[in-house]
Q: 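Here it is, the structure, as structure tokens.
In what follows, every heavy atom counts, from backbone to side chain, and hydrogens, waters and symmetry copies are set aside. Per chain, numbering begins at 1; letters A, B, ... match sequence-line order.
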Protein chains: 2
Amino acid sequence: MAVVESVLKREFKTDLFAQFARIGGALASGRRLELLELLAQRERNVEDLARLTSRSAANTSQHLQVLRAARLVEGRKAGLRVTYRLADERVFSLWKSLRELGESRLAEVSQMVRTYLNGKDSLEAVTAASLRRKLERGDVIVLDVRPAEEYTAGHIAGARSIPLPQLRARLKGLPKRREIVAYCRGPYCILAYEAVALLRSYGLRAFRFEQGFPEWKAGGHPVQRIEAKR
Amino acid sequence: MAVVESVLKREFKTDLFAQFARIGGALASGRRLELLELLAQRERNVEDLARLTSRSAANTSQHLQVLRAARLVEGRKAGLRVTYRLADERVFSLWKSLRELGESRLAEVSQMVRTYLNGKDSLEAVTAASLRRKLERGDVIVLDVRPAEEYTAGHIAGARSIPLPQLRARLKGLPKRREIVAYCRGPYCILAYEAVALLRSYGLRAFRFEQGFPEWKAGGHPVQRIEAKR
DNA sequence: AAACTAATCAATTGATTGCTTGAATAGTGG
DNA sequence: CCACTATTCAAGCAATCAATTGATTAGTTT
């Protein structure tokens, strides 16, 4: 009797942990994590995701289905296209805590970030709390340098959209003296680094927000979005 | 030039996300998650972990090495034994958020918990905030029904240790009228369910704490530990 | 030094995963 | 109904992972 019960207990635990391992398995591929990072910006169809990650549509579709089987993303079909999005804001939290743990514990990560990103710009970045204060005091220009469509889907309240490729052409619209803070997708997004480098090369007072839009939103800070026309 | 740069960007991203995927990969096995859950209680040597999970020492050692390669656990050798522990409290946070996500999103999990655990006891459980208040008012007896060694390594401040196997023999030491709250390792630990069932069958006013010691500690609530003799 | 122990290593097996390719499906627009 | 498109499916192959077994290493005890 006691033996039977303990076997049951073991089976229960084994099965239970195996379920949780399904989620772990979904996080076990860099490609899938990259898809999660993109979907944290805004929902996307398969083709877009494939293009943004430089992979085939078939391969991207398969990874999305693994993520969907683990219930981390949801897809809905509209016409020919299937649009995927994160299934839950806690999915982003999970990815964020995995990322933070990796940053602090995997020596390789900090090494890579140092050699690649800090080569671009070694300046200290603006924290979320600091950016929030600057915004409330109104003494900062916040630039969203992601593609326009991501700005449309959601951005830091009060930010202006200037996608990186257009930045050079639109320099004259920016004030010479005021402080400018640029942000993009997250800590490993290169756009803001490049934007700050460009702005500084023209003598503007530019800084980089240390995180990105999804982190700002997850932190409960004010956001805006452009409503779609009907 | 722009092409070279974008290839670099792609390689950087691919490599970077692959690093994070190492952690995901370590979380991709139920057996390893079970080890993390045990190590969240207290540090353990390989043999103990193998016994507690009903697996061979060689297999357990291999899983521990996967966890160590992902820097989620650390081992230190003392004499013949190697003692493993969680490398960082954020490792527990990560496991906790994975678990919570799984609970809410994987239908199979809630199904399993319902059929197995709720068969034991369908009563509502006491939350951490509520238990904290009861403790501060002093109108509750808190029982730690885990093995004594886990109690020693750390327990809810003010709790008494009565390992489940000894509970029946020590019933007479418990007050008839006061409220009793039992806890163990976490939401999927069966010990507290069984303790409450036993206490109630003797007419005591027993309830189950909905979580376990690691969650209590991670939540910043007061804990105690028994210092080892030198 | 010999006997013993805890842990790890090494090699093997079978199972699972990942990627590629080409076909199939479902929906759109002429 | 036909041509076209976005996505998914299916098959095949290589690579990786998981569990088992027996050997090996490092450290303790006698």
Side-chain angles (χ1 to χ4, degrees), chain A residues 10-11 13-15 17-36 38-39 43-70 72-85 149, chain B residues 10-11 13-15 17-36 38-39 43-70 72-85 149:
Chain A
R10 173 105 306 280
E11 274 182 22
K13 285 208 170 177
T14 302
D15 293 351
F17 284 103
Q19 291 303 320
F20 293 118
R22 282 172 52 196
I23 295 181
L27 304 176
S29 151
R31 309 209 163 177
R32 287 195 288 270
L33 293 178
E34 203 175 345
L35 291 172
L36 287 183
L38 282 169
L39 291 174
E43 56 181 34
R44 292 275 192 186
N45 60 49
V46 181
E47 203 183 15
D48 276 1
L49 292 168
R51 185 173 36 76
L52 290 166
T53 56
S54 313
R55 277 172 257 268
S56 75
N59 184 255
T60 303
S61 171
Q62 287 186 80
H63 282 300
L64 287 166
Q65 280 165 76
V66 173
L67 289 171
R68 188 166 57 184
L72 299 183
V73 307
E74 290 168 347
R76 64 182 153 60
K77 189 152 190 173
L80 276 182
R81 300 231 160 77
V82 178
T83 303
Y84 282 90
R85 64 172 167 203
E149 62 216 17
Chain B
R10 171 105 309 279
E11 273 181 23
K13 284 208 172 178
T14 301
D15 293 351
F17 284 103
Q19 290 303 322
F20 293 118
R22 281 171 54 193
I23 296 181
L27 303 176
S29 151
R31 311 213 160 174
R32 287 194 288 270
L33 294 178
E34 203 175 344
L35 291 172
L36 288 183
L38 282 168
L39 292 174
E43 54 180 33
R44 292 273 193 190
N45 59 50
V46 180
E47 202 183 16
D48 276 2
L49 292 169
R51 187 172 35 76
L52 290 167
T53 55
S54 312
R55 269 159 212 130
S56 76
N59 184 252
T60 303
S61 171
Q62 288 188 81
H63 281 301
L64 286 167
Q65 280 165 76
V66 174
L67 289 171
R68 189 166 56 184
L72 300 183
V73 307
E74 289 168 347
R76 67 186 148 67
K77 189 151 189 173
L80 277 180
R81 300 232 158 77
V82 177
T83 303
Y84 282 91
R85 65 175 168 199
E149 63 214 17

Q: Ignoring hydrogens, what is the shortest heavy-atom contact between B/Y84 and B/V46? Give both atom names and the distance.
A: CE1-CG2, 3.6 Å

Q: Closer to the 5' end of DNA chain C via nearest nucleotide, is it B/K77 or A/A78?
A: B/K77

Q: In whole Å, I'd like the distance from the CG atom of B/L27 to the P atom of D/dA18.
A: 12 Å

Q: Over how many whole Å does the gap from A/R68 atom CZ to D/dT7 atom P extend?
A: 12 Å

Q: For the residue pair B/Q65 / B/R68, report whether a side-chain donor-acceptor contact shorter than 3.5 Å exists.
A: no

Q: How many whole angstroms separate atom CD of A/E74 from atom C1' of D/dT7?
A: 18 Å

Q: Nearest-Å distance, CZ (A/R32) to C1' (C/dC19)?
A: 12 Å

Q: Does the side chain of B/R31 come within less than 4.5 Å of B/E34's, by heavy atoms?
A: no

Q: Can you check the A/R55 CZ to D/dT8 P distance for me, whole Å?
A: 17 Å

Q: Go through A/L38 and A/D48 one step at a time and tell me if the side chain to side chain contact (heavy atoms under 4.5 Å, CB included) criterion holds.
A: CA-CA 10 Å; A/L38 282 169; A/D48 276 1; over 6 Å; no

Q: To the nearest Å, how far apart are A/L80 CG and D/dA6 P?
A: 7 Å

Q: Under 4.0 Å between any heavy atoms, over every strand shown, what does B/R31 touch: base, sugar-phosphate, or nothing? Just pick one.
A: sugar-phosphate

Q: Going through the checks in order, is the side chain to side chain contact (heavy atoms under 4.5 Å, CB included) test met by A/R44 and A/L52?
A: CA-CA 10 Å; A/R44 292 275 192 186; A/L52 290 166; 3.6 Å; yes

Q: Return no unless some side-chain N or O of A/Y84 is found under 4.0 Å from OP1 or OP2 of D/dA6.
A: no

Q: Could you check if a side-chain atom of B/L49 sits within less than 4.5 angstrom of a side-chain atom of B/H63, using non-hydrogen atoms only?
A: no

Q: Calculate the interatomic distance between B/E47 atom CD and C/dT8 atom C1'; express it in whole Å.
A: 14 Å

Q: Please lay out, stage by stage, how B/L27 and B/L36 fare under the test side chain to side chain contact (heavy atoms under 4.5 Å, CB included).
A: CA-CA 9 Å; B/L27 303 176; B/L36 288 183; 3.9 Å; yes

Q: Quick one: A/N45 CG to D/dT8 P, roughly how many Å, whole number?
A: 10 Å

Q: Checking all strands, does A/A58 fall into the base, sugar-phosphate, or nothing category for heavy-atom contacts under 4.0 angstrom?
A: base

Q: Return the residues of residues 59-67 of chain B meeting this criterion: a heavy atom under 4.0 Å from some atom of DNA chain C. Order them by number, or give none.
A: B/S61, B/Q65

